[in-house]
Asks: 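One structure is given below, represented as structure tokens, and several questions about it will come after.
Bear in mind that the values here come from a model prediction, so they are computed numbers and not experimental data.
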Amino acid sequence: MEILNSLIANLQTPMFLAFLLGIFATLVKSDLKFPDGMYTGITIYLLFAIGLKGGVKLNSTTIEEFYKPAIAALTLCISIPIIAYYILTKLGGYDKENAAALSAHYGSVSAVTFSEALAFLESLHIPYEGYMPSMLAIMEIPAIIVALFILKINSSEEKESMSWKKVAHELFTGKGTLLLIGGLIIGMISGKKGHEQFAPLFEVPFRGMLILFLLEVGIVTGRRITDLKKAGVFLIAFGILFPICNGMFGLVLGKTVGLSMGGATILATLSASASYIAAPAAIRIAIPEASPAIYLTSSLAITFPFNLSVGLPLYLAVSKYLYGV
């Protein structure tokens, strides 16, 4: 009953409904589309806003409060791609290139799923640690590096060195990394006084921008719905069951390191999410042999809609059970 109530509440949020509208618009072949550059602009806004707000919270957070959750986040983003690679190669029968690509996507995180988790908890008036955006920044890059390392240990030395230079540049200078980490640093340095200056632009309008972004993501997801026919039963099952297992892993770790119920739910959501912004950019350069039809369909057309609709209520319900609420 608890899961059902949370599910109904989540399905009624304007963010999720906007996502459904985008899918519907694509399925009925509507001419609805965002102007060129608008999607990129909204992405920049959301990532920078998340970084800034997280940095302000970090400004008033002690190392004692922060270091255990940070270690938990690193543990998750290192272990998840290793486990994923083993499952995909041994059980799924995937070649090493596509297995590594999928592992990178599932080890990394989705900023949009994270943002929806925040909005979902806030709509239910459930508190969480203000420094959770820093967990997002911590978990975005390491998993991609781990997945590529698993693949590259079997590659020639020349190909490895050439790939790593390009991948490192993409990972550490890409807009996602620069905006998240840069925003965190700016928020930490400027503190509450800085927050007063940027709050009118990055606080109240945030959810409205998130609604627009999810509308566009719905349109993009709708275009990949037909790819589900080619995905196969294993990939569909993996795209749902693996995130659930990761989410439970994140919940247990979150509770172990002392996060609140809301904080553990967010960590679970990050663990269960799959990147479709940072990881595709890196994988496109590092593993050109990997098929975008596989890793984008899995992360964007399977895992993202699942987490947005069923995953969030599920992680919250299990979190309430663990915390005895």
Side-chain angles (χ1 to χ4, degrees), residues 13-54 101 104-105 108-120 133 136-137 140-141 144 169-171 173-183 198 201-228 269-270 273-285 292-309:
T13 61
M15 281 70 72
F16 179 74
L17 294 174
F19 175 71
L20 287 183
L21 177 61
I23 294 178
F24 176 77
T26 302
L27 294 179
V28 298
K29 295 181 171 52
S30 169
D31 61 352
L32 174 64
K33 66 177 182 178
F34 277 41
D36 294 340
M38 186 173 179
Y39 175 81
T40 301
I42 296 177
T43 302
I44 291 172
Y45 172 90
L46 292 176
L47 291 171
F48 199 37
I50 291 170
L52 285 170
K53 292 188 287 185
H105 282 70
S108 188
V109 290
S110 165
V112 181
T113 307
F114 171 82
S115 299
E116 173 61 12
L118 299 187
F120 176 56
L136 173 68
E140 186 172 40
I141 293 177
I144 301 175
H169 183 270
E170 179 66 34
L171 286 175
T173 64
K175 66 175 181 290
T177 304
L178 282 177
L179 291 168
L180 279 175
I181 297 179
F198 69 70
L201 178 62
F202 289 104
E203 286 286 354
V204 178
F206 182 84
R207 289 197 189 184
M209 296 294 280
L210 181 58
I211 291 172
L212 284 175
F213 187 82
L214 284 170
L215 175 61
E216 168 65 7
V217 172
I219 294 172
V220 175
T221 303
R223 295 176 188 146
R224 305 207 72 91
I225 290 293
T226 55
D227 292 340
L228 291 177
T269 303
L270 285 171
S273 68
S275 172
Y276 61 87
I277 296 177
I283 294 304
R284 186 178 66 248
I285 295 173
I294 294 177
Y295 58 74
L296 283 179
T297 297
S298 184
S299 63
L300 190 56
I302 300 173
T303 301
F304 180 73
F306 171 77
N307 277 328
L308 212 62
S309 56

Asks: Could you report the tightest heavy-atom contact between Ile44 and Lys175, atom names first, then the distance?
Replies: CG1-CD, 4.2 Å

Asks: Which distance, rounded to the nearest 0.5 Å, do you find between the CG of Leu46 and the CG of Leu180?
Replies: 10.5 Å

Asks: Write down the atom of Arg207, the atom of Met15, and the distance for their closest heavy-atom approach.
Replies: O-SD, 4.5 Å

Asks: Could you tell me whether the side chain of Lys33 reaches within less than 4.5 Å of the side chain of Ile219, counting heavy atoms only?
Replies: no

Asks: Let me confirm one number: the CD1-CG distance from Ile181 to Leu136, rounded to the nearest 0.5 Å.
Replies: 10.0 Å

Asks: Tell me every residue that passes side-chain hydrogen bond (donor to acceptor under 3.5 Å, both in side chains) with Ser110, counting only those two or more places apart in sequence or in another chain.
Replies: Thr113

Asks: Would you say Thr297's side chain and Ala293's backbone share a donor-acceptor pair under 3.5 angstrom?
Replies: yes

Asks: Given side chains that start at C-beta, do those of Tyr45 and Pro205 come closer than 4.5 Å, heavy atoms only?
Replies: yes

Asks: Quick one: which of Leu214, Thr26, Ile211, Leu215 gives a side chain to side chain contact (heavy atoms under 4.5 Å, CB included) with Leu21?
Replies: Leu215

Asks: Taking atom CD1 of Ile225 and atom CD1 of Ile23, what is their separation to the nearest 0.5 Å?
Replies: 5.0 Å

Asks: Closest heavy-atom contact between Leu47 and Ala111?
Replies: CD2-CB, 3.6 Å

Asks: Kindly compute the distance separating CZ (Phe34) from OG1 (Thr40), expressed to the nearest 0.5 Å.
Replies: 11.5 Å

Asks: With Phe304, which of Phe114, Tyr276, Phe16 fulfils ring pair (Phe, Tyr, Trp, His ring centres under 6.0 Å)?
Replies: Tyr276

Asks: For the CD1 atom of Ile294 and the NE2 atom of His105, what is their distance to the nearest 0.5 Å?
Replies: 11.0 Å

Asks: Are Ser309 and Phe19 close enough that some pair of their side-chain heavy atoms sits under 4.5 Å apart?
Replies: no

Asks: Does Ser298 offer a backbone N or O that forms a donor-acceptor pair with the side chain of Thr303 under 3.5 Å?
Replies: yes

Asks: For Glu140 versus Ala278, what's the shortest heavy-atom pair and its separation?
Replies: OE2-CB, 3.3 Å

Asks: For the atom pair CZ (Phe206) and CG (Leu118), what is the distance rounded to the nearest 0.5 Å?
Replies: 7.0 Å

Asks: I'd like to check Ile42 versus Glu216 (side-chain heavy atoms, cut-off strictly below 4.5 Å). Are they in contact?
Replies: no

Asks: Over 60° means perpendicular and under 30° means parallel, so tell me whether Phe48 and Phe202 are parallel, tilted or perpendicular.
Replies: perpendicular

Asks: Just to verify, what does Ser299 make a side-chain hydrogen bond (donor to acceptor under 3.5 Å, both in side chains) with, not counting sequence neighbours?
Replies: none

Asks: What's the shortest heavy-atom distance between Asn307 and Ser273, and which atoms?
Replies: ND2-CA, 3.7 Å

Asks: Between Ile283 and Ala101, which heavy-atom pair has the shortest distance, and what is it?
Replies: CG2-CB, 3.8 Å

Asks: For residues Val217 and Leu300, determine if any side-chain heavy atom of one lies less than 4.5 Å from a side-chain heavy atom of the other.
Replies: yes

